[in-house]
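To start, the structure under review is shown below, and the notes come after it.
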Amino acid sequence: DDGVLRVGTEGDAPQFSMADANGNVTGFDADIANGICAELKVKCKFVVQTFSSLVPSMDKDRFDIIISGLGITDERMKKIDYSIPYATTPQYFVVPKDSPLVGLKSLAEIEKALAGKTIGVVNGTTYAKFIKKHIPTADLKTYDATTQQNSDLGTGRLDAAFGDSPTWVDFLGSPDGANFARIDVKVTGADDHEALGYGMGVGLRKSNTELKAKLDAALCEMINNGKVKAASENWFKDDYTIPCKK
Amino acid sequence: MSPVLKVHELRKAFGATSVLSGVSFQMRQGEVISLVGSSGSGKSTALRCINFLETPSSGEIEVMGDAISVVQNERHETEIVNAANIRVFRRRIGMVFQSFNLWPHRTVLGNVTEALIYVLRKDKREAEETALSALSKVGMADFSHRYPSQLSGGQQQRVAIARILAMRPKLMLFDEPTSALDPELVGEVLKVIRTLAGEGATILLVTHEMRFAREVSNRMIFLHKGIVEQDAVPEELFCNPASEAVNRFLSSVISTAA
Amino acid sequence: MSPVLKVHELRKAFGATSVLSGVSFQMRQGEVISLVGSSGSGKSTALRCINFLETPSSGEIEVMGDAISVVQNERHETEIVNAANIRVFRRRIGMVFQSFNLWPHRTVLGNVTEALIYVLRKDKREAEETALSALSKVGMADFSHRYPSQLSGGQQQRVAIARILAMRPKLMLFDEPTSALDPELVGEVLKVIRTLAGEGATILLVTHEMRFAREVSNRMIFLHKGIVEQDAVPEELFCNPASEAVNRFLSSVISTAA
Amino acid sequence: MDLSIITYAVPFLLVGAKTTLLIALFGVGLGLPFGILVATARTSQVATIRRCADFYCAVFRGTPMLVQIFVIYYGLAQIGFIRHNAILWWLIGDSLHAAVLAVILNTGAYTAEIFRTALLSLPRGLIEAAEACGMSPWVIFQRIKFPLALRQALPSYSTEVAVIVKESSLASTITVLEITGYAKRLMSETFAIMEIFVITAVFYLVINVACLTALNVIERRLSFEPRYAR
Amino acid sequence: MLNDIWVLMVEKGWTLALLRGAGVTILIGVLGVVIGLASAIPLAILRWRRLPVLSQLVDAYSIVIRGVPGLLVIYLLFFGSVDWVQKIASAFGYADSAENAYPFIVGIIAIAAISCAYSVEVIRGALQAVPVGLLEAARSLSLSPRLTFFRVTLPLALRLALGGINNVWQMTIKDTSLVSVVGMQELMRTAAVAAGITRSPLLFYCLAAAMFFAMTAVSQILFNRAEKYFNRGFSRR
Ligand SMILES: Nc1ncnc2c1ncn2[C@@H]1O[C@H](COP(=O)(O)OP(=O)(O)OP(=O)(O)O)[C@@H](O)[C@H]1O
Ligand SMILES: Nc1ncnc2c1ncn2[C@@H]1O[C@H](COP(=O)(O)OP(=O)(O)OP(=O)(O)O)[C@@H](O)[C@H]1O
Ligand SMILES: [Mg+2]
Ligand SMILES: [Mg+2]
């Protein structure tokens, strides 16, 4: 309204949502937000807050939408509404380079091999649920940030970690990641929609149908005109766009 | 002349143990009375009840015409009639404690000026002058900038006395004011008390020094197990003890003195 | 026989104020000595230096053959020679404080048994028996389950005395042990001290009650401004005062007594 | 509020509560004696001991517990020597052990300050009375100093216990699944942030009310002064 | 390595950001403690005098606030009230200033409420430990209750409470990190954001810790002075 769209975002997620020292937000989420604002001919105003306060703050009208790489799941849809999904990143397991697991060929094989092992995932994602469901015997560790998870991989506290491909591209490319490799089995939402959801969407308050319609239209336009792809390739070196169904 | 202090049927019990079982006496202006009796007979408790540091279980206390009485109501609760008078009482009464109770965070001078400044509303200069003159009466003027923890027992006791002297209350309660003092100082305190009485102050003191009591007081009250056994002029008490208890008590004075 | 206590050239200063300026005396076994002197003359400080609650500025103390000496080294620091003996001293010495210092969190019985159990390593039953017998010597057996805050001044003092009686130390230091006691109890304490001395204990006591001192002691030491003015048998002190200070002090005793 | 969330979340949080209690138990059980030890070190006559203890307290009280737990778990793990030393790695390699260690070190510093002031404010005469009896320093501490200091320190220490229980939630940042650990997981799963927050808080509240009430009772039991001035 | 740090801290401006965060932390921490302490003293007195009902209420307040995580206190305070505050502010035409100032106000109130609950216990404990006889002496000299409190009880109690107050202050300055949930960028939150996006968590967290340490080191000097002051007259041991 009054020409400003207030966007809640985390600000401390590398590549997705990064608030710099002056509070300016950049990253994939920021590109999506700016794109939407441009489509809707409004100005974007970013509000940077901790992840756990994003949803209550939006409920109390501190901002209108959340763009913070939110994965769409049925469970979460009970609390907030989502736009159409605009992107999805595939997930991979990462293990030490010399591990026999590196050569595994399918999710089923991985599930069997990792039974009883220690696996790390990052909070704020739905991966914990996925691991719990598929490898119930695993010792699951949840981290607040990928850097922490990767640090534990490095010190050998973890046998494997599960995360999305941008994270791994980043980590495996860094010196710390030199001794690790990802298992080349792409896990996507299609493998288990209930646990992994339907890709990323913009979050908004329940029953705000008018805004949802506008967002959906704007996102669809951005998907179709390649803006999402451009953003994805800019930040992730890959195209993770989900086609617009309409 | 109406009495300065009138204690009527004062009773006090701590839980089940009864300490005072109906104490009554009166004091006229300028009178000095010694409250004597064996250890644990309730002397300190009686003093503390008079200015309501301890709430009596029942009884009436009248100070210069104003009275406070304590009654047990039908639900066996203690009820203070005219509790507002407590402040009035305390303005008229000064007390020297058996354990001195000097404030450790204030110097000797501060201990004495405190009430002068904040109760009598003297200005600081005047209060300090008054305090120093009171301190010199007990030979403590040289120690005015010490803290209580840096004083000997007798020195602390003298500061506690000076704290009250400076206030010049109408009625003074002394709880064993000479217990830590050497004979020389006991003589000094004797003089001070006589002067005070001569100037019109009324003094009730607890003491174990029978000679001192005999010297200083117009009347002596012998307390035994919470009851007044004898209330008489010193000569009478010494020559004509009213009961076996008084007799035994006094005879031991004489035998120790022998 | 070697002396039980030997104090040699004991000096103590608090900052710039010198309190003890070279005190020396000796005590043989079974002796009772009264330390007398005016308020602030350094009596309590002398007692406290003997068991090193206060570290002397210099001097030597010998208890039953073991000695601790304090010297000022070249950098003007106080240095204790044989500091390890302090614990030994304290086991042999018992002390009754001028301000009682009862432990508020322990009952009367607990105050007395504490050291019996944790220093003399008696078992609990035995300790309680010993404690009760000590308490009954001062008439406090009935109060064994009270807390110190529920006692009168004289009762607290008697518990403090019982706490030491129960320990039966070789050397006992009493700091004004009768200041809060009535004449009857003073007589009792007199008896207790005589019995202790008869049983071989050595007793050094500070007191302001000259008659008591005269009765109880083999020798009296008159302290004045941190110096021993006279050290003599009581008769000698009273009849033949060595200096003007002693004379004045004693004359006031007599005048108050008159 | 959505009731189904409660029935869904509570079983998880109950499991987490066991871990929270475990951490708190160690925090109090080991942190209290450790803190008192540090407090006595801070009142020691030996300057070196005193300074070391002061420094430890300054560091652990002066920096956020989050950083302490991070440095202990992630930071120390970077050091090869620690990783290859069996005892040290047992201590910090396991996230629960590291959390307990961090909680003890943190509460130790605060407890030390509480007991230091309590010890310093004890009336000198009471300790002299014990010394004069020939009690050893340890007996004096155990029978006189500690019981008296404890009575004075209890109101402040009860707060510290509540703080331990709450700060144990930081263990979740090093993957320990105590109450908050599960709560975080549940929040990201359901986005029912407020609901889960409130349930979680009720868990902490229940634990702490139990602790604080127990400590209040102990405080009343220990009080020997029947009369307080009004 | 050093070069990287230089780039992060200076060229990317994180030093300034951290300092800004530290400013917010100090402001909220100091206000929180001062307000908390000021309100804790009367509450502690109620509790100490055992006034019926009131003392139980204080007890309940202190147990609940100490018992629940601080995050919930601020969550409930903020999200429970922001609706109607916004409405009222809009009605008076101050919607914008309310929007901007309200998180700050709630932040301070929440921090003060928490530190108050802690301080109540500290001060109550200290009040209880003041020897009764010293108060009786004041009373028998007929110092009014108010004067007795301010001239005798409080100075003696503060000496006993100093260590506890110091603890509360040290806890509170770190509790300020809670205000990040209402969108304020204090020191810890700034460090967390920096840690997240620069991937140097240890560097930034340790920097934040160092800044906290510097703050408390300065405050420790003041507390040491105060301790000396309050201990005057008491024999050392
Ligand atoms: N900590 C201290 N600092 C400074 N001076 C002190 C200190 N303690 C005691 N004094 C001084 O030392 C002197 C001797 O004190 P001490 O307690 O030994 O006297 P005393 O002979 O026992 O007197 P009393 O009979 O009054 O108890 C006194 O003048 C006292 O003021
Ligand atoms: N708080 C209390 N609880 C129970 N009993 C108490 C309490 N205070 C005092 N008493 C008892 O009351 C009695 C009288 O005490 P009080 O202090 O009045 O004695 P006193 O005559 O002053 O004795 P002293 O000469 O020894 O000072 C004593 O037996 C004492 O034990
Ligand atoms: Mg008495
Ligand atoms: Mg003395």
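Computation of the quantities below employed the complete heavy-atom set of this structure, encompassing side-chain atoms and omitting hydrogens, waters and symmetry-equivalent molecules. Numbered from 1 within each chain, the chains take letters A, B, ... in sequence-line order.
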What part of [X] gets closer than 4.5 Å to chain C, counting heavy atoms only: side chain, backbone, both or neither?
X       : value
R158(B) : side chain
S38(B)  : both
Q98(B)  : side chain

Partner chain C: residue of A180(B), S152(B), S41(B), G37(B) with the largest heavy-atom pair count (under 4.5 Å):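 Looking at each option in turn, the highest pair count goes to A180(B).
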Salt-bridge criterion met for E176(C) and K43(C) (N-O under 4.0 Å):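 Looking at K43(C) together with E176(C), the answer is no, because their closest N to O distance does not fall below 4.0 Å.
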salt_bridge(R214(B), E235(B)) N-O dist < 4.0 Å: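 Counted as a salt bridge, because a side-chain N and a carboxylate O are separated by less than 4.0 Å.
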Contact listing (chain B partner; residues 220-231 of chain C; heavy atom under 4.5 Å):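 The residues closer than 4.5 Å to chain B amount to none at all.
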Taking all non-hydrogen atoms of both residues into account, name the closest pair between [X] and [Y] and its distance.
X       : Y       : value
E209(B) : T178(B) : OE2-OG1, 3.5 Å
R90(B)  : N51(B)  : NE-O, 3.1 Å
I50(C)  : L204(C) : CD1-CD2, 3.6 Å
P56(B)  : V70(B)  : O-CG1, 3.3 Å
A131(C) : T113(C) : CB-CG2, 3.7 Å

Test item: side-chain donor near acceptor, S39(C) and D182(B), under 3.5 Å: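 No pair is found: no donor N or O on one side chain lies under 3.5 Å from an acceptor on the other.
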Contacting moiety of R146(C), where chain B heavy atoms sit under 4.5 Å: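 When you check distances to chain B, only side chain atoms of R146(C) fall under 4.5 Å.
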